[in-house]
Amino acid sequence: MALKLAVQTQFGVPAPQAYARITNFYGTKDQIQVQVAIHYDESARHSNMATVKENAHYIGMEDLKGDLIPAIYEVLKTYSDYAGAEDC
């Protein structure tokens with residue numbers, strides 16, 4: 001599971017088919033920290049190329065409904081960094 005979205009790389013280059021994937025999460029009974037790696041596109045991810053951006057977010061456990069991983073992606077899609085993101 002991952003998200004497809006348009007982002008600007010750290011160098012200002014547009015990545016219209018960027019591939020965002022949760023790489024790690026940990027937390028307490030109250031909240032989790034989620035780390036997300038964003039690659040230029042899906043083929044860059046599968047070729048083990050470097051990320052174009054990495055993000056970390058804190059999510060309250062009360063915001064997560066259902067199965068954990070899909071619920072995290074649903075919350076991420078509500079954040080401005082992932083505006084317009086689609087499941088892929």
Side-chain angles (χ1 to χ4, degrees):
M1 184 167 211
L3 298 174
K4 182 170 61 171
L5 67 155
V7 299
Q8 293 280 336
T9 70
Q10 63 191 19
F11 304 109
V13 176
Q17 299 288 313
Y19 185 83
R21 186 174 76 92
I22 295 169
T23 57
N24 192 18
F25 64 90
Y26 56 92
T28 67
K29 64 181 180 71
D30 298 318
Q31 70 176 2
I32 59 172
Q33 182 191 46
V34 178
Q35 296 173 335
V36 179
I38 302 175
H39 293 268
Y40 184 78
D41 59 19
E42 188 172 357
S43 67
R45 154 67 180 105
H46 293 295
S47 299
N48 291 320
M49 296 179 74
T51 59
V52 296
K53 191 174 185 181
E54 294 188 18
N55 294 333
H57 307 281
Y58 288 94
I59 300 173
M61 293 302 288
E62 69 276 2
D63 296 331
L64 301 171
K65 309 291 184 238
D67 292 332
L68 186 59
I69 301 297
I72 293 170
Y73 280 108
E74 288 303 314
V75 171
L76 289 175
K77 288 191 290 186
T78 68
Y79 294 170
S80 61
D81 285 351
Y82 306 93
E86 300 174 356
D87 295 334
C88 66

Tell me, with the steps shown, if Lys53 and Gln10 meet side-chain contact (heavy atoms from CB on, under 4.5 Å). CA-CA 7 Å; Lys53 191 174 185 181; Gln10 63 191 19; over 6 Å; no
Just how far is it from atom CG of Asn55 to atom CG of Leu76, taken to the nearest 0.5 Å? 9.0 Å
Measure the shortest side-chain to side-chain distance between Val36 and Thr23 over non-hydrogen atoms and say whether it is less than 4.5 angstrom. no
All heavy atoms of Cys88 vs all of Lys4, minimum pair found to be SG-N, 3.9 Å
List for me each residue that meets ring pair (Phe, Tyr, Trp, His ring centres under 6.0 Å) alongside Tyr73, sequence neighbours excluded, and say none if there are none. none
Looking at every non-hydrogen atom in both residues, tell me the closest pair between Tyr79 and Tyr58 and how far apart they are. OH-O, 3.5 Å
Minimum heavy-atom separation for Tyr40 and Pro14, please, with both atom names. CE1-O, 3.5 Å
Shortest non-hydrogen contact from Met61 toward Gln31: CG-N, 3.6 Å
Between Thr9, Val52, Thr51, which is the residue that forms a side-chain contact (heavy atoms from CB on, under 4.5 Å) with Ile38? Val52
Answer yes or no: is there an ion pair linking Glu74 with Lys77, defined by an N-O contact shorter than 4.0 Å? yes
Checking side-chain polar atoms at under 3.5 Å, does Asn24 have a donor or acceptor matched by the opposite partner on Gln35? yes
OH/Tyr19 to CG/Leu5 distance, rounded to the nearest 0.5 angstrom? 12.0 Å
